[in-house]
Structure formats: C-alpha cells, structure tokens
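Quick caveat: nothing in here was measured; it's all calculated off a predicted structure. Per chain, numbering begins at 1; letters A, B, ... match sequence-line order.
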Protein chains: 2
Amino acid sequence: MSVSIKDVARAAGVSPATVSRALGRGPVSDELRQQVAAAVRATGYKPNLAARRLRSQDSGTIGLIVADIRNPFFTAVSRAVEDSAYRAGMRVILCNTDEDPEREALYLGLMQEERITGLIFAPTRATVDLLPKRSLDFPVVLIDRAGPAGVHDAVVLDNRDAMATLIGHLVERGYREIGGLFGNSSSTGAERREGYIAAMQRHGLTPQFRAVAPSSEAAQKETAAWLAQADRPRAIVVSNSLLLIGVIKAARSLGLIIPRDLAVAGFDNESWTELVEPGMTVIEQPVEEIGRTAMSLLFERLQTPGLPVRKVVLSGRCIVRGSSGAAQ
Amino acid sequence: MSVSIKDVARAAGVSPATVSRALGRGPVSDELRQQVAAAVRATGYKPNLAARRLRSQDSGTIGLIVADIRNPFFTAVSRAVEDSAYRAGMRVILCNTDEDPEREALYLGLMQEERITGLIFAPTRATVDLLPKRSLDFPVVLIDRAGPAGVHDAVVLDNRDAMATLIGHLVERGYREIGGLFGNSSSTGAERREGYIAAMQRHGLTPQFRAVAPSSEAAQKETAAWLAQADRPRAIVVSNSLLLIGVIKAARSLGLIIPRDLAVAGFDNESWTELVEPGMTVIEQPVEEIGRTAMSLLFERLQTPGLPVRKVVLSGRCIVRGSSGAAQ
DNA sequence: ATGATCTATGAAAACGATTTCATAATGGCC
DNA sequence: GGCCATTATGAAATCGTTTTCATAGATCAT
C-alpha cells in the first residue's frame with residue numbers, strides 16, 4: 001500500500017536509520033543525503049506521523065478548544081494560534097464546544113488520548129473550576145476566560161477597565177440609567193458584570209443588569225421584555241456581539257431609535273458594527289495579539305516548566321460610533 | 001510517565017490483549033470485562049491514539065481544508081462536518097488556507113502524512129486543476145467549489161440558478177444597468193459570473209462586471225472607482241458577503257443611498273445583512289445541509305469505493321430585503 | 001465416552017518510524 | 001607507523017497498541 005521508510009532505504013541503497021537521519025537531523029554524508037532525497041522523490045514517500053509520534057513520544061500537536069467557532073473573536077484567535085504553531089513546526093487540533101460542558105469534557109479526554117503537547121482553552125465557567133481537579137499531563141493556557149488565580153497561565157482582556165471606559169463614556173454623554181446585559185455561561189460575562197457594577201457605583205449610579213444564555217435570540221427576548229417596562233434603562237452595555245445583535249433587534253421591534261431612545265455599546269469590533277446605522281460603539285479586542293501571546297505563554301512554559309503562573313491582561317480599544325450619541 | 005495498556009493489564013490481572021478486547025470489541029467474559037473497567041478507572045488509563053492508529057492502519061480522522069475560516073459560511077459548514085464526524089466516532093483536522101495555493105499544497109501534504117481517511121476541501125481555482133495530478137490515497141469531497149467534471153465528488157450551490165433568481169428579481173424591480181462584482185480566486189466566483197452573464201443576456205441586457213481579490217478592501221476600492229464613472233451601474237450583484245461589505249462602504253463613501261441611487265444584492269444570509277439599513281437582499285445557502293451532505297458523500301464513498309462520481313447541487317433561497325427596492 | 005466444534009484467553013508478531021548501541025573507517029598527533 | 005578520538009553507518013531495540021495464532025476448557029452431537 002503506502003511506501004514506508006524501508007522502501008526508501010532500499011531504493012537509496014542505505015539503511016532505514018540513515019533515511020531517518022537524512023530527513024531529520026543527524027550526521028549523514030552529503031552523498032547519501034542526496035541519494036536519500038532522490039529516493040524520497042522517486043518513491044513519493046510521506047512519513048507516517050502516527051509511527052513518528054509513537055516512537056519519539058512527542059505528538060508535535062497543540063490543542064485549541066474554543067467555545068463558539070461562529071464567534072469571530074474565536075476565529076480570529078484561531079488563525080493567530082494556527083499561524084504561530086505552524087511557524088514552530090507544530091500542528092493544531094481545533095475543537096468547538098458550543099459552550100457545552102459535556103463536550104468540553106469529551107474534548108479534554110480526546111486531547112489526552114492525542115497526547116497533545118499543550119492546550120489553549122476558552123472554557124465555560126462550569127468547567128474552569130473543575131479543571132484543576134483533572135490531572136492533565138500537558139500545560140494549559142486559558143484565553144478570554146481566566147480561572148482561579150495561580151493555576152493556569154491565561155491571557156485575557158482587561159474587562160474591568162473596558163467596562164469603566166464604556167460607562168465613563170456613556171456618563172459623559174449624559175446617560176445615567178445605564179443597564180447591563182451579560183452572557184451567563186462564561187467567566188468573561190461575569191467579569192464584565194463586576195466591572196459594570198463597580199463603574200456604576202463609582203459614578204454614584206444604580207446598576208441594573210440581566211444575564212442570559214449566549215445567543216442573540218435569548219438576548220432579544222430578554223431585552224424586549226426589559227425595554228417594555230416603565231423604568232427601562234436609557235442606555236445598555238452588552239457583554240458580547242452576539243447579544244448585541246439581540247439588543248438591536250429588540251429595540252427595533254419596539255420602535256425605539258438608537259441612540260435617541262436608547263444608547264447602546266458593546267464588545268468586539270466586527271465589520272458589521274460600523275455598517276449598521278448608527279454604527280456601534282464597541283471595545284475592540286486585540287485578537288491577533290491574544291492568539292500570539294497565548295502561544296508564547298505555552299511555548300515558554302514547555303521550555304521552562306518551573307515558571308510561575310502568569311496572567312497577561314491586554315487592554316481593549318474603545319471605538320466611539322453613533323450608537324452612543326449624546327442623550328437628549 | 002503515562003499509563004499504558006500493560007499497566008492496566010497488570011492491575012486487572014489479565015493480558016494486554018484482553019484489555020484491548022474489553023475496551024474495543026471482542027469476546028470477553030463479563031467478569032473480566034468488569035475487572036478491566038475497574039482497572040481502567042483505577043489507573044486513569046487513556047489509550048494512545050498514535051499507537052492505535054499505527055497498528056490498526058486507520059487514522060479515524062477526516063481532514064477539512066477551508067479557504068477562509070473567517071467566512072461564516074465556512075465556519076457553519078465546519079460545525080456541521082464536525083458534528084457528523086464525531087457522531088460517527090471520527091475526528092476532524094481543520095486547516096485554513098486563506099485562499100493561498102502554497103498553503104493548500106502544504107496542508108495536502110500534511111493530510112497525507114496524517115494518513116487521513118478522507119478529505120473535505122474547498123480549493124482555490126489554482127489548486128483544483130492540479131488536484132487530479134496529485135495521487136492522494138484518500139477520497140476527496142469538494143465543497144462550495146467544484147473541480148473538473150467526474151473527478152471528485154462535490155456538493156455545491158446551484159450558482160447559475162441563484163444568479164438567475166437575483167437578476168430576475170432586480171429586472172422585475174425595474175433595474176436594467178446591473179453590474180456584477182466577483183471574487184477572482186475561487187471557481188465559485190467564476191461560476192456566479194457565468195450565471196450572471198447568462199441571466200443578463202437572457203433578459204437582453206449588457207453584462208458589465210469586475211473581478212477582485214477576495215477582501216472587502218479590494219472590493220471597496222474597485223467599486224468606488226467603478227461607481228465614480230458616468231456610466232456606472234444602477235444595481236450591483238456581489239458574489240460573496242466579504243465583497244458585499246466593500247460595496248456598501250464604497251456606496252456610502254460616495255454619498256450614494258441604497259437602494260435609491262444603487263440597488264445591491266449578494267450571497268449568504270449573515271446576521272448583519274438584516275441589521276443594516278436597508279436590509280440586504282441575499283441568496284441564503286443551506287450551510288448545515290452542505291456540511292452534512294459532504295460527510296454523507298464521503299462516508300458512502302469510503303464504504304463503496306466503486307461508486308460513480310457524484311455532484312450534489314443544492315438550491316439557495318432568495319431573501320428579499322430593502323437593498324433591492326424598486327427603481328425610481 | 002469420544003471426537004469435533006466453539007469460546008475465552010494469552011503469547012507473540014506487527015505497524016513504521018526513531019534512537020541506542022556497536023563498529024568500521026577516517027583523520028590527527030606524536 | 002601506531003594509537004586515540006571522531007565520524008558515518010547499520011543492526012536491532014523500542015514506542016503502545018491491535019491482531020493473528022495457538023491452546024486449554026467447555027459444549028455438543030453421536
């Protein structure tokens with residue numbers, strides 16, 4: 001069937017060991033090296049990765065488990081991770097959990113069976129607490145969502161700071177009844193909620209917030225009910241772009257004009273946020289940098305396992321657009 | 001280090017062969033089966049996939065190479081493929097080429113080294129013609145972009161029909177100077193261009209079209225120059241959502257109001273297309289069905305290699321929104 | 001009761017690479 | 001020229017499974 005290293009060896013008139021050395025690194029004379037190269041070309045040899053991994057006890061693979069592959073934030077991070085990995089001669093296994101703890105457990109098990117070298121992971125709140133209990137034989141770097149302090153390396157956005165910026169901006173524009181809508185499955189949603197509450201209190205304002213499942217439908221339903229109330233907020237900050245879509249739809253369904261009747265601000269500078277009318281005021285996350293940093297943390301830990309646990313906090317950038325126009 | 005099947009065998013007081021049979025399928029008494037299960041739990045055994053793959057000569061892995069992971073069309077297809085695969089007990093390796101033929105070649109080689117069971121692939125035009133030349137030892141199913149007839153199974157949209165629908169709709173709304181903007185790297189762009197030309201001629205109209213690199217920036221630049229001309233089109237059909245963003249930006253930068261000054265219609269029903277003002281008239285692709293069908297074709301070919309080559313053509317659904325409002 | 005057919009189990013081979021170990025050849029140094 | 005260090009090469013062991021192959025009991029029909 002498939003051509004093996006023995007076939008190449010025979011074709012080149014050398015031993016399999018020499019072929020292995022010629023292809024990898026090892027002392028081989030130029031003459032034999034060329035013979036081997038010719039034999040590889042002639043036979044169309046492709047090394048069997050399973051055999052290589054088994055013998056060398058090194059999968060050369062890093063795992064990437066994300067919560068929602070449809071979320072452009074995660075696809076952007078994935079691309080950055082993939083780039084870094086392939087540049088370092090490693091492969092990537094990408095899995096998508098849809099925020100489902102059961103699938104997270106399933107994929108974690110799969111990663112163990114693959115004997116991956118390291119893992120980059122955006123876990124749900126449910127899993128992140130159980131993670132230290134599982135004895136994993138590879139280092140883990142959390143992205144987007146941090147876990148209990150000092151357990152795993154992590155790279156996250158400065159959520160408190162981002163929320164402070166958004167609230168500060170809205171207050172400056174004259175809003176006082178500012179609501180908050182957050183996803184209920186991720187620690188990021190929780191962190192942004194904390195940041196929201198702190199920022200509101202710093203301004204002497206009363207927080208009013210709601211938490212929903214991470215889907216635009218859930219957000220639309222909840223927001224529509226909320227906005228129908230007499231004491232509805234005049235502005236809403238939203239913890240991610242999926243929920244933001246729901247908020248916009250809810251406002252429109254009630255005939256509320258943004259920002260005249262309701263100001264809106266959210267997270268993630270997706271291309272559509274500047275295309276809608278009015279454009280959305282958002283915190284832009286440094287997605288490539290997050291992916292690159294996660295890979296750096298992982299590589300450094302692989303190289304120096306004794307390193308202290310590090311948490312890299314990156315700052316977002318506030319992009320002001322029409323959705324947070326001055327209050328009437 | 002890691003616990004192997006021998007350790008489990010020792011703990012259960014049986015031979016490694018029995019452990020293997022108890023975990024997979026094979027005749028094992030209930031008593032021993034339970035002992036093995038207990039030993040697995042006690043030792044925390046995770047089978048080494050590299051060893052299993054090597055011995056059983058079956059990677060249990062299907063490859064998925066897409067052109068652009070940021071394109072929601074491909075992420076949606078990916079999810080469907082992933083679901084089908086894991087349901088069948090297979091794993092997925094996902095790679096992203098960014099429409100770069102060099103990376104396509106790189107990843108194809110990687111897939112061979114992984115000894116994947118089958119491949120689902122959305123190739124660029126450059127690669128799709130070379131594909132038959134490469135002797136791959138696994139079946140390939142093309143998605144989104146078909147190759148030369150009769151070589152590989154494929155599942156694609158009915159692009160000619162979709163274009164006929166869009167042009168028919170615009171003509172009905174009173175437009176006659178209808179331009180076309182297409183991506184230049186995929187066969188899909190080319191096919192939609194053919195469909196556009198055919199549909200225009202059927203209506204006795206003169207086609208005027210342009211092809212650009214698959215990025216919103218390129219589309220914006222090209223469209224802005226186009227719309228500045230005296231004989232500019234009064235409507236534009238656009239072959240994908242990335243380009244559509246560029247067209248909208250170009251129109252706005254010139255102060256053209258959609259649809260009053262320029263009607264627009266495109267492909268892919270992304271969530272933002274109903275959020276912008278006016279909403280975008282688009283052809284919606286049955287993304288989940290595309291992914292599921294690709295997996296079905298692949299599985300059936302694996303089961304019955306002699307099957308004739310099949311090309312499944314799925315129909316899109318036209319969603320009419322404000323962007324194609326009646327001509328003045 | 002006896003041979004024939006199953007069934008559950010273990011011993012050992014096999015998958016295809018890398019790596020250790022041994023060895024022949026080379027070169028340098030006195 | 002002889003000895004030691006160095007180098008290039010091959011033989012063989014090894015990684016952790018699955019899968020033959022052999023075998024000892026058990027079951028069955030006669």
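- Across all strands shown, B/Leu49 has no heavy atoms under 4.0 Å from either base or sugar-phosphate atoms.
- The side chain of B/Val14 lies closest to C/dG10, out of C/dG10, C/dT9, D/dT17.
- For A/Pro27, the side-chain atoms get nearest to D/dT9 when compared with the rest of D/dT9, D/dG16, C/dA17.
- The base of D/dT18 lies close enough to the side chain of B/Arg55 for a donor and an acceptor atom to sit less than 3.5 Å apart.
- The closest donor-acceptor contact from the side chain of B/Thr304 to the backbone of B/Leu307 lies at 3.5 Å or more, if one exists at all.
- Atom P of nucleotide C/dG16 and atom CG of A/Asp7 are separated by 9 Å, given to the nearest angstrom.
- One N or O on the side chain of A/Arg301 and one on the backbone of A/Pro308 form a donor-acceptor pair closer than 3.5 Å.
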Review point. Between B/Arg91 and B/Glu82, does a salt bridge (Lys or Arg N to Asp or Glu O under 4.0 Å) hold up when you go through it step by step?
Key: CA-CA 8 Å; B/Arg91 290 155 236 301; B/Glu82 196 185 352; over 6 Å; no

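- Distance from the side chain of A/Ser20 is smallest for C/dT19 among the nucleotides D/dT18, C/dT19, C/dT9.
- As rounded to whole Å, 11 Å separates atom P of C/dT19 from atom CD1 of A/Ile5.
- Within 4.0 Å (heavy atoms only), B/Arg53 reaches no atom of the nucleic acid at all.
- Between A/Leu49 atom CG and B/Leu110 atom CG the span is 6.5 Å, to the nearest 0.5 Å.
- When the nucleotides C/dA11, D/dG16, C/dA17 are ranked by their closest atom to the side chain of A/Gln57, D/dG16 comes out on top.
- For the pair A/Leu32 CG and D/dT9 P, the computed distance is 4 Å after rounding to whole Å.
- For the pair A/Arg25 CZ and D/dA8 P, the interatomic distance rounds to 16 Å; values are reported in whole Å.
- In terms of phosphate contacts, A/Ser29 brings a side-chain nitrogen or oxygen within less than 4.0 Å of OP1 or OP2 of D/dT9.
- At a threshold of 4.5 Å between non-hydrogen side-chain atoms, the residues B/Ser59 and B/Glu114 do not count as touching.
- At whole-Å resolution of the value, CG in B/Leu54 and C1' in C/dG16 are 5 Å apart.
- Contact annotation: A/Tyr45 side-chain N/O to C/dA17 OP1/OP2 distance is under 4.0 Å.
- At whole-Å resolution of the value, CZ in A/Arg10 and P in D/dT9 are 20 Å apart.
- Taking the side chain of B/Ser4 as heavy atoms from C-beta on, and the options C/dA17, C/dT9, D/dG16, the nearest nucleotide is D/dG16.
- Minimum atom distance to the side chain of A/Ser56 is reached by C/dT18, of the listed D/dC15, C/dA17, C/dT18.
- Of all nucleotides listed (D/dT9, C/dA17, D/dT17), D/dT17 comes nearest to the side chain of B/Arg52.
- Side-chain atoms of A/Arg145 do not come within 3.5 Å of backbone N or O of A/Thr188 as any donor-acceptor pair.
- One atom, CG of A/Asp58, and another, P of D/dT14, lie 21 Å apart when rounded to the nearest Å.
- Regarding contacts with the backbone of D/dA11, every side-chain N or O of A/Ser15 stays at 4.0 angstrom or more from both OP1 and OP2.
- Here the P atom of nucleotide D/dA11 and the NZ atom of A/Lys6 are 12 Å apart, to the nearest Å.
- With the nearest nucleotide of DNA chain C identified for both B/Arg21 and A/Ala50, B/Arg21 has the one nearer the 5' end.
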